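What you see is a predicted model; the values in this text were computed from it and never measured. In this chain, residues are counted from 1 in sequence order.
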Amino acid sequence: VALVKIALHSAQVELDPKFQLTKRSILEMGAEFSIKTGDIPAFERYIAQLEIFYYESQHGLVESKVMYPLIGLNLLRLLAENLIADFHTTLERIDLAQLQSNPYIVHPVKLEQALMEGSYKKVWQARAEVPTPEYLFFMDILMATIRSEVASCVEKSYSNLPFDDAKSVLFFTSMDELLRFAQERRWAVSPSEKRITFPSTAENTRMFQGERIMKQTLTYARELERIV
């Protein structure tokens, strides 16, 4: 009998709007704190527990003021971790009006469109358009990923680049940032020439040889046209 009474009391507490409001507030504070401390796994856990309040049922509660900022942050997390399928699944659970007008949601949606287009410049510009400073945490993670991909392409496309060109193409705002990045990737830096030289690899050589063969083939084709 005592256990039944305890179970009934617990069920009543769970249905109490004040209890639910307190529970939601604690989870939201936890999510916000995890962003400030850079604890992504903790943020993911808090968001998972908030889903019942944000998507499934409001428990008769007034909509939270931090609901859409946190949903937007989670969308950015999914982009930063390249979880595109989960990103779109989350979008499907958001009201269409919010998708089109809520600044906290519109920002990551536009960001995803820019990524799909391969327009990294738009992604970089979006960093200056964040609706709240907390968004910068995931924006910086996303930019670091993009910068690494661009750097890999640059290494294969050029033997060297002037400082200013490298800084621009890698979306750095200062020369110190560029030089630290160059050191991390073990690029040769020449302060006197203000130029970065990229390491020569077998893959670079193969690409160069492929380009040389392609040019020779085009030359042969032109010569054949003249003969005909």
Side-chain angles (χ1 to χ4, degrees), residues 23-56 58 61-151 167-174 176-178 180-181 184:
K23 183 178 179 181
R24 186 183 71 181
S25 298
I26 291 172
L27 291 172
E28 289 174 336
M29 285 188 288
E32 291 173 332
F33 182 74
S34 64
I35 290 297
K36 292 179 180 178
T37 57
D39 191 343
I40 298 177
F43 175 76
E44 188 175 355
R45 288 194 297 271
Y46 283 118
I47 288 296
Q49 294 177 76
L50 282 165
E51 287 185 354
I52 191 171
F53 294 100
Y54 291 171
Y55 304 120
E56 297 176 23
Q58 290 291 331
L61 305 179
V62 176
E63 185 176 282
S64 171
K65 292 182 180 179
V66 298
M67 172 179 168
Y68 286 109
L70 286 176
I71 290 176
L73 276 169
N74 190 49
L75 287 170
L76 273 183
R77 176 187 69 83
L78 296 172
L79 286 180
E81 296 180 349
N82 198 32
L83 299 173
I84 305 302
D86 292 341
F87 178 88
H88 286 285
T89 298
T90 302
L91 288 184
E92 290 173 1
R93 305 175 75 180
I94 301 173
D95 183 73
L96 181 60
Q98 299 296 334
L99 286 174
Q100 296 174 338
S101 62
N102 192 299
Y104 299 106
I105 306 302
V106 170
H107 183 271
V109 168
K110 288 184 176 180
L111 200 60
E112 192 263 348
Q113 291 172 350
L115 286 170
M116 293 301 101
E117 295 170 2
S119 181
Y120 295 152
K121 185 176 181 180
K122 288 182 180 179
V123 177
W124 173 246
Q125 291 171 341
R127 191 183 183 282
E129 301 168 355
V130 292
T132 177
E134 285 75 18
Y135 275 48
L136 292 175
F137 175 70
F138 287 119
M139 283 297 301
D140 288 343
I141 293 175
L142 183 59
M143 282 308 306
T145 302
I146 289 173
R147 189 173 285 121
S148 179
E149 291 181 5
V150 171
K167 183 165 74 75
S168 176
V169 77
L170 291 169
F171 306 104
F172 283 118
T173 56
S174 73
D176 287 341
E177 290 176 328
L178 171 65
R180 282 196 298 270
F181 185 77
E184 291 172 3

request  = Any chance you could lay out the side-chain contact (heavy atoms from CB on, under 4.5 Å) test for His88 and Glu112, step after step, and finish with the verdict?
outcome  = CA-CA 10 Å; His88 286 285; Glu112 192 263 348; 3.0 Å; yes
note = So the ring pair (Phe, Tyr, Trp, His ring centres under 6.0 Å) pairs with at least one residue in residues 89-112 (sequence neighbours excluded) are His107-Tyr135
ask   = When rounded to the nearest 0.5 angstrom, what distance separates OG in Ser148 from CD in Glu184?
value = 10.0 Å
ask   = Considering residues at least two apart in sequence or located in another chain, which fulfil the salt bridge (Lys or Arg N to Asp or Glu O under 4.0 Å) criterion with Arg127?
value = Asp140
ask   = Quick one: are Asn102 and Asp95 in side-chain contact, heavy atoms under 4.5 Å?
value = no
message = Please evaluate residues Leu79 and Ile84 with respect to the criterion side-chain contact (heavy atoms from CB on, under 4.5 Å), reporting the C-alpha separation (whole Å), side-chain torsions for both, the decisive distance (0.1 Å), and the verdict.
response = CA-CA 6 Å; Leu79 286 180; Ile84 305 302; 3.9 Å; yes
Which atom of Val123 lies closest to which atom of Ala114, heavy atoms considered = CG2-CB, 3.9 Å
query = What's the shortest heavy-atom distance between Leu111 and Ala126, and which atoms?
reply = CD1-CB, 3.5 Å
inquiry  = What's the separation between atom OH in Tyr55 and atom CE in Met67, rounded to the nearest 0.5 Å?
reply    = 6.5 Å
Note, Phe137 side chain near Ile40 side chain (heavy atom, < 4.5 Å) = yes
Non-hydrogen side-chain atoms of Glu63 and Tyr68 separated by less than 4.5 Å = yes
ask   = In Å, rounded to the nearest 0.5 Å, how long is the span from CG of Leu91 to CD1 of Ile105?
value = 8.0 Å
note = On a heavy-atom basis, the closest approach of Met139 and Val130 is CG-CG1, 3.9 Å
ask   = Taking all atoms of both residues into account, what is the closest heavy-atom pair of Ala31 and Leu70, and its distance?
value = CB-CD2, 4.0 Å
ask   = Partners of Tyr120 by side chain to side chain donor-acceptor pair (under 3.5 Å), sequence neighbours excluded?
value = Glu149
ask   = With sequence neighbours left out, which residue pairs that include part of residues 26-39 fulfil the side chain to side chain donor-acceptor pair (under 3.5 Å) condition?
value = Glu28-Tyr54, Glu28-Ser64
query = What residues form a ring-ring contact (aromatic ring centres under 6.0 Å, His included) with Phe181, not counting sequence neighbours?
reply = Phe172, Trp187
remark   = Sorted by chain and number, sequence neighbours left out, side chain to side chain donor-acceptor pair (under 3.5 Å) with Arg77 holds for Asn74, Glu81
query = What residues form a salt bridge (Lys or Arg N to Asp or Glu O under 4.0 Å) with Glu117, not counting sequence neighbours?
reply = Lys122
task = Locate the shortest heavy-atom distance separating Val150 from Val169; write the atom from each residue and the value.
result = CG1-O, 3.6 Å
ask   = Residues in side chain to side chain donor-acceptor pair (under 3.5 Å) with Gln100, at least two apart?
value = none
request  = Any chance you could measure Arg147, atom CZ, to Leu142, atom CG, to the nearest 0.5 Å?
outcome  = 10.5 Å
inquiry  = I need the Lys121 NZ to Ser168 OG distance, nearest 0.5 Å.
reply    = 8.0 Å
Note, Asn82 side chain near Thr145 side chain (heavy atom, < 4.5 Å) = no
query = With sequence neighbours excluded, what pairs up with Asp86 under the salt bridge (Lys or Arg N to Asp or Glu O under 4.0 Å) test?
reply = none
ask   = For residues 29-48, which residue pairs qualify under ring pair (Phe, Tyr, Trp, His ring centres under 6.0 Å), counting only residues two or more places apart or in two chains?
value = Phe43-Phe138
query = When rounded to the nearest 0.5 angstrom, what is the spacing between CG in Leu136 and CE in Met143?
reply = 12.0 Å
ask   = Could you walk me through whether Arg93 and Glu51 pass the salt bridge (charged side-chain N to carboxylate O under 4.0 Å, His left out) check?
value = CA-CA 10 Å; Arg93 305 175 75 180; Glu51 287 185 354; 3.5 Å; yes
Nearest heavy atoms of Ile141 and Ala80, plus distance in Å = CG2-CB, 3.9 Å
key: Partner set under side chain to side chain donor-acceptor pair (under 3.5 Å) for Thr132, not counting sequence neighbours   = Glu134
